[in-house]
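I have placed the structure first, in the form of structure tokens, so that the comments after it can refer back to it.
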Amino acid sequence: TYTGATNVNAGTMSVNGTLSGTGTVTVAAGATFNGNGSVAGNTVVNGTLSAGSSSVGDNGHGVGGMTLAGGSTWNSGASFVFDFAAADFG
């Protein structure tokens, strides 16, 4: 199991599944962490968290979610992007 820290220093890191290691995920100002799944370690957000991004892993259809099981710290300037989708009854 990966136990080291994960630093998202620039750009976007996407997760579609589980980050099972207990290392802290740190999202720098100006960087984005998105996807569907769960993070076992602590998450420190200085940039953007886009949990449940429908652009990750499902061809842009539907909305997922992200569980921050290890807890989270939101610092000044951090943001959260919600991803909503209309119901598809077709």
Side-chain angles (χ1 to χ4, degrees):
T1 300
Y2 174 71
T3 58
T6 301
N7 297 308
V8 185
N9 293 320
T12 300
M13 178 182 165
S14 300
V15 62
N16 189 20
T18 302
L19 291 178
S20 59
T22 57
T24 298
V25 175
T26 301
V27 183
T32 300
F33 182 52
N34 71 4
N36 300 303
S38 63
V39 178
N42 189 45
T43 304
V44 177
V45 183
N46 299 296
T48 300
L49 179 71
S50 182
S53 174
S54 64
S55 63
V56 178
D58 65 1
N59 299 318
H61 304 289
V63 176
M66 184 180 294
T67 301
L68 303 178
S72 62
T73 302
W74 294 81
N75 292 317
S76 178
S79 62
F80 185 86
V81 175
F82 291 92
D83 193 5
F84 296 98
D88 184 4
F89 297 103

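As a basis for the values below, the full set of heavy atoms in this structure was taken, side chains included, without hydrogen atoms, waters or symmetry mates. In this text, all values refer to a predicted model and were calculated from it rather than measured experimentally.
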Is the closest side-chain heavy-atom distance between [X] and [Y] below 4.5 Å?
| X | Y | answer |
| --- | --- | --- |
| Val15 | Phe33 | yes |
| Leu49 | Trp74 | yes |
| Thr26 | Asn7 | yes |

I need the Met66 CE to Asn16 CG distance, nearest 0.5 Å.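 Here the rounded value is 9.5 Å.
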Could you measure the distance from the CG atom of Leu19 to the CG atom of Leu68? Nearest 0.5 Å is fine.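 The distance works out to 10.5 Å.
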Closest contact, heavy atoms only, [X] versus [Y]:
| X | Y | answer |
| --- | --- | --- |
| Asn9 | Ala31 | C-CB, 4.0 Å |
| Ala78 | Val45 | CB-O, 3.3 Å |
| Ala40 | Gly21 | CB-O, 3.5 Å |

Please list, chain by chain and in numerical order, all residues satisfying side chain to side chain contact (heavy atoms under 4.5 Å, CB included) with Thr6, sequence neighbours excluded.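 Tyr2, Met13, Val25.
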Check step by step if side chain to side chain contact (heavy atoms under 4.5 Å, CB included) holds for Val44 and Asn75. CA-CA 8 Å; Val44 177; Asn75 292 317; 3.5 Å; yes
Under a 3.5 Å threshold, yes or no: a donor from one side chain and an acceptor from the other, between Ser50 and Thr32?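 The answer is no; no qualifying pair exists.
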Side chain to side chain donor-acceptor pair (under 3.5 Å) partners of Asn42, counting only residues at least two apart: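 By the side chain to side chain donor-acceptor pair (under 3.5 Å) rule, Asn42 matches no residue at all.
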